[in-house]
Amino acid sequence: MKTIETSITGHKVVSREEWLKERVALLEREKAHTRERDEISRQRRELPWVRVEKEYVFEGLEGKVTLAELFDGRSQLVIYHFMFGPDWQEGCPSCSFVSDHIDGALAHLAARDVTMVMVSRAPLAKIEAFKKRMGWQFKWVSSYGSDFNPDFRVSFTKEETAQGKVNYNYTTQEFPSEEAPGISVFHKDADGDVFHTYSTYGRGTEPLVGTYMILDMVPKGRDEDQLRFTMEWVRHHDRYGTDEFADANKPYWPTMASPS
């Protein structure tokens, strides 16, 4: 792994008074950004819904479970589309990075009528083994053999990827893997009908990553500009300091990426 530089040289240094003046000016921009984020969140909640007509069935520890059953007695469901293909030996390192932030939030989400579940195409046995290795407690089910992943545009056929571009994040674009990350949100009404309310992909999943929010406040930031792709530095949390991957071909990485 690349050696991390430990110092920053040549940065502007000023008096406390001048620093305070510039800090207050930035604060106004931060407040405007917060207000804009609140407005976007309001508009997100006002998006129209789509009734889910198809019967999606997943495999969980309790056996077969439907999309409606994943709500677990609540009216709101958040699904994280975790990149873990059927033939992979381990889950995507970047999705694992995201998922390291989830367990602590589950009780708080439940208090606000929200259930959160991970979904991947990998068979349940692989999911459970990897989940145990990572020490996670959240619910994680397999969509293997169902239309769920392709319907929500987070899995692509070999024929699709062979064309060079796939339909992802509401556009046709190049994508380096047959699996993709995303978040999908659903509501279940009193009659048991399920509605798709929202999905986001790519950097739209970043609000789940508290580590990035902290890095955005430190002097070096995310420090990703010199990497071949933004998350090239990320490892499974039990693999930092190594370049160990269970999948030699790293199916979750762009082909130009290198662990060095």
Side-chain angles (χ1 to χ4, degrees), residues 30 33-34 36-45 47 58 67 70-72 74-85 90-122 127 130-131 133-143 148-149 152-155 168-170 175 177 179-187 196-218 221-224 227 229-240 252-253:
E30 290 175 333
H33 175 71
T34 298
E36 177 66 10
R37 184 184 62 210
D38 289 344
E39 174 59 19
I40 291 171
S41 296
R42 185 192 65 78
Q43 293 181 27
R44 182 185 300 119
R45 293 190 296 272
L47 282 172
F58 309 89
L67 180 63
L70 289 180
F71 283 79
D72 195 24
R74 302 181 184 93
S75 72
Q76 300 172 105
L77 173 67
V78 177
I79 286 179
Y80 181 75
H81 302 285
F82 192 115
M83 294 172 61
F84 195 169
E90 61 186 359
C92 165
S94 296
C95 288
S96 299
F97 176 45
V98 173
S99 299
D100 281 336
H101 299 80
I102 301 303
D103 276 340
L106 295 178
H108 305 292
L109 292 172
R112 304 308 295 161
D113 191 31
V114 177
T115 297
M116 188 165 187
V117 178
M118 305 293 169
V119 175
S120 300
R121 283 202 309 140
I127 287 174
F130 183 65
K131 179 181 172 184
R133 172 187 149 192
M134 294 289 97
W136 295 325
Q137 301 300 314
F138 49 70
K139 188 179 185 67
W140 193 353
V141 298
S142 171
S143 59
F148 185 76
N149 277 44
F152 286 89
R153 306 310 305 163
V154 290
S155 291
Y168 178 62
N169 201 13
Y170 307 105
F175 197 79
S177 176
E179 308 293 329
I183 301 169
S184 290
V185 183
F186 303 88
H187 173 74
H196 176 217
T197 69
Y198 182 72
S199 283
T200 188
Y201 307 95
R203 291 192 65 180
T205 65
E206 280 188 9
L208 300 184
V209 188
T211 299
Y212 265 157
M213 304 304 108
I214 295 170
L215 288 174
D216 285 343
M217 291 188 285
V218 302
R222 302 186 186 189
D223 203 18
E224 297 175 330
L227 302 179
F229 70 102
T230 55
M231 285 188 167
E232 191 176 12
W233 64 274
V234 172
R235 298 291 184 271
H236 298 107
H237 61 238
D238 61 348
R239 293 290 187 267
Y240 278 104
Y252 26 74
W253 273 16

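Scope of the values below: all heavy atoms of this structure, side chains included, with no hydrogens, waters or symmetry mates.
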Minimal non-hydrogen separation, G182 against T205, with atom names: CA-CG2, 3.8 Å

Given 3.5 Å as the limit, does a donor-acceptor pair link the side chain of Y252 with the main chain of E90, or not? no

Here the gap from T197 atom OG1 to H187 atom NE2, rounded to the nearest 0.5 Å, amounts to 9.0 Å

Checking Y170 now: which residues fulfil ring pair (Phe, Tyr, Trp, His ring centres under 6.0 Å) with it, not counting sequence neighbours? Y201

Reported CG-to-OG1 distance for the pair D216 and T211, which is rounded to 0.5 angstrom: 11.0 Å

In this structure, CG of L77 is separated from CZ of F71 (nearest 0.5 Å) by 4.5 Å

Taking everything shown except R42 itself, do over 12 heavy atoms lie less than 6.0 Å from its CZ? yes

Check: V78 and V114 side chains under 4.5 Å, non-hydrogen atoms: yes

Side-chain contact test, heavy atoms from C-beta onward, threshold under 4.5 Å: evaluate it for Y212 versus M231 and give yes or no. yes

Over all heavy atoms of both residues, which pair between I183 and G204 is shortest? Give the atoms and the distance, please. CD1-O, 4.3 Å

Test item: S142 side-chain N/O and A122 main-chain N/O as donor-acceptor pair under 3.5 Å: yes

Grab the two heavy atoms, one from Y168 and one from G202, that are nearest each other, plus how far apart they are. OH-N, 2.9 Å

Shortest non-hydrogen contact between W136 and D103, atoms and distance: CA-OD2, 3.3 Å

Closest approach of L208 to M116 (non-hydrogen atoms, all atoms of both residues): CD1-CE, 4.0 Å

ring-ring contact (aromatic ring centres under 6.0 Å, His included) assessment of Y80 paired with H101: CA-CA 12 Å; Y80 181 75; H101 299 80; over 10 Å; no

Which word best sums up how the rings of W140 and F82 line up, parallel for under 30°, tilted for 30 to 60°, or perpendicular for over 60°? tilted

Do R37 and I40 have side chains that get closer than 4.5 Å, going by heavy atoms? no

Parallel, tilted or perpendicular: which one describes the rings of H196 and F186, with boundaries at 30° and 60°? tilted

Using a cut-off of 6.0 Å, state whether more than 12 heavy atoms not belonging to R203 lie near its atom CZ. no

Side chains of S177 and M83: does their closest heavy-atom pair fall under 4.5 Å? yes

When rounded to the nearest 0.5 Å, the distance separating SG of C92 from CH2 of W253 is 10.0 Å

For the residue pair V98 and I102, what are the closest heavy atoms and their distance? O-CG1, 3.9 Å

Quick check: do K139 and L70 have side-chain heavy atoms less than 4.5 Å from each other? yes

Apply the test side chain to side chain donor-acceptor pair (under 3.5 Å) to residues N149 and S143: give CA-CA distance (whole Å), side-chain angles for both, the deciding distance (0.1 Å), then the verdict. CA-CA 7 Å; N149 277 44; S143 59; 2.7 Å; yes

Are the side chains of K131 and M118 in contact, using a 4.5 Å heavy-atom criterion? no

Mind checking whether H81 and F152 have parallel, tilted or perpendicular rings, split at 30° and 60°? parallel

Does any non-hydrogen side-chain atom of R222 lie less than 4.5 Å from one of T230? no

Between the OG1 atom in T115 and the CG atom in L106, the distance rounded to the nearest 0.5 Å is 9.0 Å

Interatomic spacing from CZ in F84 to OG in S99 - rounded to 0.5 Å: 11.5 Å

Decide yes or no for L215 and D223: does some side-chain heavy atom of the first lie under 4.5 Å from some side-chain heavy atom of the second? no

